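This is a predicted model, so every value here is computed, not measured.
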Amino acid sequence: MASTTNATTLHQQFRPPSHPRAPRRIRTYPPTIRFTIRATAASTSAPAQREAEAGVPWGCEIESLESAASLERWLTASGLPEQRLALEKVDIGERGLVALKNVRNGEKLLFVPPSLVITADSEWTNREVGEVMKRYSVPDWPLLATYLISEASLEGSSRWSSYIDALPRQPYSLLYWTRTEIDAYLVACPIRERAISRIGDVIGTYNDLRDRIFSKYPDLFPEEVYNMETFRWSFGILFSRLVRLESMDGRVALVPWADMLNHSPEVDAFLDYDKSSQGIVFTTDRSYQPGVYILW
């Protein structure tokens with residue numbers, strides 16, 4: 001058996017900070033770069049067309065309500081309590097959580113039980129794959145990226161199949177853009193350098209995992225499953241959906257149902273574990289009328 005005494009070398013972007021601080025405001029960690037070309041003359045540009053064509057063999061179209069309904073049924077059967085929100089198509093052309101009743105400022109919503117949250121401690125359906133990853137002390141971000149691919153590749157055999165089926169097959173992500181496209185379309189954009197750095201970090205991290213782990217266990221990590229395309233997808237999901245939960249020891253986590261909320265930079269809202277209800281709750285920063293979609 002190959003030696004596993006050395007931890008996987010990973011790019012600085014995905015290493016745990018020496019003194020992690022747990023932000024209470026809802027955000028991904030590191031902060032998300034979200035840049036989408038919509039309804040403009042550039043909508044038929046090379047990057048936009050690349051995003052439309054790229055994809056993986058799992059997930060759904062980003063506006064799919066059928067997969068969303070299946071997700072809600074599975075979550076309810078798995079312990080999600082009755083909700084004051086419904087998952088619907090919203091006016092930005094995607095899905096979002098919409099208020100069913102009046103929601104007050106400061107009200108707590110969602111109450112997702114920890115058993116329905118994905119963290120680095122979640123059980124792997126393919127236990128051999130999980131054991132190898134943990135033996136190499138892979139940090140949380142690349143561990144979760146690999147976990148998503150492993151569970152997605154198992155389809156209905158995975159406990160998370162309904163959740164993965166409801167994830168976008170093509171997340172909005174600059175990870176799919178080439179350097180030429182970034183230089184052409186983000187020439188005067190302040191996120192250009194961050195985008196270049198992030199793409200390099202993801203590619204470098206995948207190469208590290210491939211060279212140090214995947215190539216040593218080809219039966220567990222076949223290239224047709226664990227490749228750059230699937231890692232673009234999994235990191236794209238993490239960048240847009242992963243949150244850090246202060247009251248769960250600062251763990252980074254995917255929170256099904258909560259991650260269907262739509263983002264807004266103007267919202268000052270909170271997502272965290274609530275000890276009294278023993279669930280992950282979303283605390284609003286404003287009131288909402290019935291039919292209005294909730295923002296984080």
Side-chain angles (χ1 to χ4, degrees), residues 8-11 13-14 28 30 32-37 45-64 67 118 124-126 129-130 132-133 138-158 160-161 163-183 185-186 194-242 254 259:
T8 301
T9 300
L10 297 168
H11 283 232
Q13 175 89 0
F14 307 112
T28 55
T32 299
I33 297 176
R34 184 177 175 92
F35 182 85
T36 306
I37 297 176
S45 65
Q49 187 172 6
R50 180 186 300 277
E51 290 193 5
E53 294 175 351
V56 292
W58 48 73
C60 67
E61 298 304 316
I62 201 164
E63 72 278 1
S64 172
S67 61
I118 296 175
W124 295 63
T125 302
N126 188 328
V129 169
V132 169
M133 295 296 289
V138 177
D140 288 358
W141 272 76
L143 182 75
L144 287 169
T146 308
Y147 181 86
L148 274 180
I149 296 169
S150 175
E151 297 300 312
S153 69
L154 297 173
E155 300 180 338
S157 299
S158 170
W160 303 104
S161 60
Y163 174 58
I164 291 168
D165 287 346
L167 292 174
R169 183 177 299 115
Q170 172 58 63
Y172 291 125
S173 178
L174 290 170
L175 296 179
Y176 293 93
W177 291 28
T178 67
R179 178 60 183 269
T180 300
E181 291 164 350
I182 289 175
D183 290 342
Y185 294 99
L186 300 182
R194 287 178 60 202
I196 293 171
S197 175
R198 179 159 291 181
I199 291 170
D201 286 334
V202 169
I203 293 172
T205 295
Y206 165 70
N207 288 337
D208 287 338
L209 290 170
R210 180 195 61 198
D211 295 344
R212 293 175 177 267
I213 302 177
F214 301 164
S215 63
K216 293 179 173 62
Y217 302 89
D219 291 340
L220 293 178
F221 301 96
E223 189 173 359
E224 60 267 24
V225 174
Y226 299 91
N227 53 60
M228 193 63 248
E229 185 65 24
T230 57
F231 270 85
R232 282 194 186 97
W233 172 80
S234 62
F235 271 109
I237 294 297
L238 296 185
F239 284 138
S240 61
R241 293 170 180 266
L242 202 68
L254 288 168
D259 63 6

Hey, could you give me the CD1/CD1 distance between I164 and I118, rounded to the nearest 0.5 Å? 6.5 Å
May I ask you to test the L144-L254 pair for a side-chain heavy-atom distance under 4.5 Å? no
Considering all heavy atoms, the nearest L175-G236 contact: CD1-N, 3.7 Å
Classify the ring geometry of Y206 against F231: parallel below 30°, tilted from 30° to 60°, perpendicular beyond 60°. tilted
Report the distance from atom OG of S215 to atom CG of N207, rounding to the nearest 0.5 Å. 11.0 Å
Determine the interplanar angle of the Y226 and F221 rings, folded into 0 to 90°, and report it as parallel if under 30°, tilted if 30 to 60°, perpendicular if over 60°. perpendicular
So D201 and S197, do their side chains get closer than 4.5 Å, heavy atoms only? yes
Shortest non-hydrogen contact between E151 and T125, atoms and distance: OE1-OG1, 2.6 Å
Under 3.5 Å, is there a donor-acceptor pair between the side chain of S153 and the main chain of S150? yes
Between the CD1 atom in I149 and the CH2 atom in W58, the distance rounded to the nearest 0.5 Å is 6.0 Å
Below 4.5 Å, heavy atoms only, C-beta onward: do I213 and T146 meet side chain to side chain? no
Whether N227 side chain and E224 backbone form a donor-acceptor pair below 3.5 Å: yes
To the nearest 0.5 Å, what is the distance between CZ on F235 and CD1 on I199? 13.0 Å
Distance-minimising heavy-atom pair for L143 and M133: CD1-CB, 3.6 Å
What I'd like to find out is whether the side chain of L154 reaches to under 4.5 Å of the side chain of W124, using heavy atoms alone. no
Hey, does the side chain of S158 reach the backbone of E155 with a donor-acceptor pair shorter than 3.5 angstrom? no
If you define the side chain from C-beta out and look only at heavy atoms, does anything of P171 sit under 4.5 Å from I62? no
Side chains of V132 and K216, heavy atoms from C-beta outward: is any pair under 4.5 Å? no
